Amino acid sequence: MLYYSKKSKVAHFPGCHHLGRVLVDNAVLLDTWSEARRQGVRICKCCNPVWKRYKSEQRTLTTFCAQNGLAFYGQDGLVSLKTMHSQWKIAPTDDGGIVLFHRNTRYKKSDAQSPLSGYHLQNFRILSIIDACQYVLDHDAYRLHTPAAKDKQSGVKTGSPKGSRKWRAQQKRNKKKERRDAIKRVLFIFDQLESERARG
Ligand SMILES: [Zn+2]
């Protein structure tokens with residue numbers, strides 16, 4: 001539940017110290033923060049639970065993320081997390097908590113209902129942003145090490161006799177994949193630098 005005044009276009013959670021002023025200006029009631037997003041209403045930085053956590057964890061986060069190859073930045077009242085393998089956003093819940101959204105890798109019908117387009121809610125209760133970072137790292141490690149996921153991700157197949165046409169084609173594909181991965185790594189480093197620059 002959030003309140004906002006049409007004058008300010010900023011929504012507040014109950015209990016915010018700015019709320020008194022908003023209620024005087026004919027406050028509008030919104031059920032969810034995603035509704036606020038749809039209407040182009042910004043969430044107040046003082047009472048946005050994501051922003052509160054971001055501010056209090058920023059220092060620890062900077063160290064943790066640098067050590068573990070995570071990029072993070074805050075934008076539009078959300079915090080984005082990015083690794084070599086996955087992308088995430090931390091969003092507020094409607095009761096003042098925080099939740100983790102995972103970027104879709106393929107389209108599912110249920111994704112249309114997601115309040116964050118292109119992302120689905122990760123069913124995991126988080127209390128802090130560091131919590132979320134740890135979860136993201138575990139998630140990546142799991143995806144990279146379970147056999148089913150590994151086959152798809154590494155794309156490296158052997159089996160055809162060395163020197164055969166099939167074998168050469170596979171070598172070519174592997175080379176291409178290596179090049180793609182190298183580009184991905186470079187882009188990721190740019191992202192990290194960019195997010196550091198944005199924090200100043
Ligand atoms: Zn507020």
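Fair warning: this is a prediction, and the values are worked out from it, not measured in the lab. For the single chain, residues carry numbers from 1 onward in sequence order. Atoms within each ligand, like the ligands themselves, are counted from 1 in listed order.
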Is the closest side-chain heavy-atom distance between K89 and L81 below 4.5 Å? no
Would I129 and V79 count as a side chain to side chain contact (heavy atoms under 4.5 Å, CB included) here? Give the steps. CA-CA 9 Å; I129 297 176; V79 169; 4.2 Å; yes
Side-chain atoms of residues 36-50: list all donor-acceptor pairs with protein atoms under 3.5 Å, sequence neighbours left out, distances to 0.1 Å.
residue, atom, partner, partner atom, Å
Q39, OE1, Y4, OH, 3.3
N48, OD1, V50, N, 2.9
N48, ND2, G77, O, 2.9

Would you say H17 has an N, O or S atom lying under 2.8 Å from the Zn ion (ligand 1)? no
Could you tell me whether any N, O or S atom belonging to C46 is less than 2.8 Å from the Zn ion (ligand 1)? no
Of all N, O or S atoms in H12, the one closest to the Zn ion (ligand 1) is ND1
Please check this pair: side chain of W88 against backbone of F101, looking for a donor-acceptor N/O pair closer than 3.5 Å. no
Metal-centred angle, the Zn ion (ligand 1) as apex - SG of C47, SG of C44, 10° resolution: 100°
